[in-house]
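By convention in this document, chain letters (A, B, ...) are assigned in the order of the sequence lines, proteins followed by strands, and residues within each chain are numbered from 1. Everything numeric here is computed off the predicted structure, so don't read it as measured data.
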Amino acid sequence: MTAVDTTTAPVSTTPATSRKPGERRFGAGRIAALVVLILMAVTWLLPFAWALVTSLKSEADAGATPISWLAPNGYTLEAYENVLGEGNIPVWAFNSLLSSVIITVLTIATCALAAYAFSRLDFAGRKWLFFVVIASIIIPPQVLIIPLFYQMLAFNMVDTYWGLILPQVVAPPMVFILKKFFDQIPIELEDAARVDGANRLRIFWTIVLPLSRPILSAVAIFVFIAAWNNFLWPFIIINDTSLMTLPVGLQTVKSAYGVQYAQNMAMALLAAAPLIILFLFFQRQIIKGIATTGFGGQ
Amino acid sequence: MSTSAVSNRAQGTGVALKDSRQSRRRTDNLVGWAFFAPFGLFFGLFLIWPILFGLYLSFTGTTLTGAGGDFVGFENYAEALGDADMWRSMLNTLWFTVLSTIPLVLIALIMALLVDLGLPGQWLWRLSFFMPFLLASTVVSLFWIWLFNPQLGLINDMLAPFGVEPIAWLQDPQWAMHGVVIATVWWTVGFNFLLYLAALQNIPEQQYEAASIDGAGKWRQLFSITIPQLAPTTALIVILQVLASLKIFDQVYQMTSGGPGGTTRTAVLYIFETGFTGYRFGYSAAISFVFFAVIILVSIIQIRITASRRPRS
């Protein structure tokens with residue numbers, strides 16, 4: 001970076017090693033900025049810390065006044081043992097994982113195929129169809145809950161995995177994002193393969209998809225997180241405790257546990273753990289995925 | 001495959017390609033629709049059909065059991081327009097949108113500007129600000145119901161040294177909406193922060209270099225380069241945030257159930273209640289479309305504001 005910068009910007013009087021002029025200097029301004037950042041980060045981490053400490057207390061300590069970060073009766077894993085002992089959390093975690101993975105795979109597969117059609121195949125009705133798909137982005141899914149539930153009753157899909165999964169597969173913004181990416185792939189790469197006699201599906205599979213790995217993983221991350229955390233639809237469609245996802249199950253025990261604060265927090269942290277652990281390992285990819293998908297993806 | 005090989009082959013078969021254009025057209029039609037079909041199936045079944053069916057339902061008196069499915073014309077809409085609870089839920093929604101959007105954009109911008117300074121601990125800042133976004137709404141609600149607990153909550157405990165009397169955050173009509181807003185800002189600001197951060201890293205360095213040669217200080221650069229350069233990003237973030245805020249349901253349902261006294265009952269919550277507690281599907285569908293109309297109206301206003309600003313910059 002240093003060498004390139006000094007040659008391309010010879011006028012610059014500040015050291016070229018810094019991204020912006022004066023970046024390396026630790027003046028009063030930067031120390032003030034650092035203090036503000038630390039305060040903000042502490043504020044944002046505080047709810048996690050408080051939940052963690054509460055979950056490690058006995059119920060007696062968690063409900064004692066005045067409140068304290070300390071536990072007079074000692075820290076304990078009791079709350080976690082109780083919560084896990086009831087057996088529902090692993091089932092809900094499995095349901096969340098299963099449904100989110102299926103939703104992600106189906107969404108990527110259907111959206112990528114459709115996006116490729118919109119990007120490369122000159123079929124009749126392409127223009128207006130694309131317009132309809134893009135226009136549908138404005139429809140808030142919340143507006144659909146009543147007719148969709150009624151429809152699921154008719155399909156006999158209430159309280160089933162199908163009813164949980166299928167309506168969550170529709171993601172018009174992802175078609176838009178993927179089409180934009182496919183548009184940028186040089187068409188020459190495909191023409192060569194077509195001359196060789198490869199059909200469209202093979203070209204899509206062997207040329208387009210491998211080139212699109214970054215955008216596909218970005219979309220996958222986005223869809224997976226949204227599905228994993230989705231609340232409204234799973235809450236409406238699932239009543240059977242054994243079919244609930246983590247967010248929905250948590251809502252039902254919240255009222256059941258009432259004043260058992262330590263268990264509430266243990267439950268919340270257990271539910272939060274999978275994605276947070278995933279994030280710690282794949283921070284760079286997840287942040288990149290959210291940033292690239294973000295604008296079109298909400 | 002090398003580029004020269006590609007162009008050679010393309011040249012050699014140029015004539016053949018032209019000849020087969022017509023038949024290619026036909027196969028393109030077939031293949032195009034085949035590629036679209038899987039998505040189209042889901043799109044039709046779970047988006048287009050429900051929206052049309054919902055529109056139909058809104059003109060009927062349908063209930064959960066399917067009884068009373070008679071066509072009632074505009075009766076549901078007439079009732080909705082005269083329903084004080086419906087209007088109140090729309091106003092609550094707009095109020096939440098205003099209260100939440102401002103901090104969700106401003107705090108995200110401040111976070112991004114500070115992190116972009118390149119201070120040590122980059123991964124820690126990103127982690128702290130973005131981690132809450134990865135939580136399910138139910139986890140967020142559990143956290144904040146506990147933090148806002150009037151007697152045992154950390155928030156009141158931290159405010160006590162400043163002489164603040166204990167506040168019943170989620171039970172007091174004056175504070176409930178603010179409580180929901182605070183929890184929401186904590187939860188989702190990280191998303192806007194990431195979008196701002198990505199945009200900041202795209203501002204060309206030369207602009208800053210040129211400005212510092214001209215003697216512009218850091219603050220001057222912030223207001224004459226950074227903020228104007230971020231304008232398109234800000235416009236997009238505001239539009240997306242307003243749309244997201246208008247759809248609020250999870251937090252109010254979980255933290256306050258719309259209470260106390262309906263002060264946090266938002267539009268989607270009211271749709272949910274009339275549908276799944278009152279079992280009035282037809283009426284609930286009608287309110288859904290009134291809400292949809294509000295969303296479209298707000299979107300049009302926003303797009304007009306953004307469009308009218310663009311030529312000046």
Query raised in the report: Sub-3.5 Å donor-acceptor pair from the side chain of A/T110 to the main-chain atoms of B/F39, do we have one?
Result: no

Query raised in the report: Quick one: does B/W186's side chain have a donor or acceptor within less than 3.5 Å of a partner on A/W44's backbone?
Result: yes

Report summary line: If one checks every heavy atom of B/I295 against chain A at 4.5 Å, the contacting part turns out to be side chain

Query raised in the report: Is the backbone N or O of A/A124 less than 3.5 Å from a side-chain atom of B/W33, with the two atoms forming a donor-acceptor pair by type?
Result: yes

Query raised in the report: Would you say B/V268 and A/L232 make side-chain contact, with heavy atoms under 4.5 Å?
Result: yes

Query raised in the report: Among all residues two or more places apart in sequence or in another chain, which pass the ring pair (Phe, Tyr, Trp, His ring centres under 6.0 Å) test with A/F231?
Result: A/F235

Query - Geometric class of the B/F143/A/F48 ring pair [parallel <30°, tilted 30-60°, perpendicular >60°] - result: perpendicular

Query - Atom group of B/F291 that falls short of 4.5 Å from chain A, counting heavy atoms - result: side chain

**Report entry** Under 4.5 Å from a heavy atom of chain A, the part of B/L55 involved
**Finding:** neither

Query - Residue list, side-chain hydrogen bond (donor to acceptor under 3.5 Å, both in side chains) with A/Y116, at least two apart or on another chain - result: A/E190, A/R200

**Report entry** Between CD1 on residue A/I67 and CG on residue B/N149, distance to nearest 0.5 Å
**Finding:** 8.5 Å

Requested in this report: Check each atom of B/W144 against the heavy atoms of chain A and say whether the ones under 4.5 Å are side chain, backbone, both or neither.
Outcome: side chain

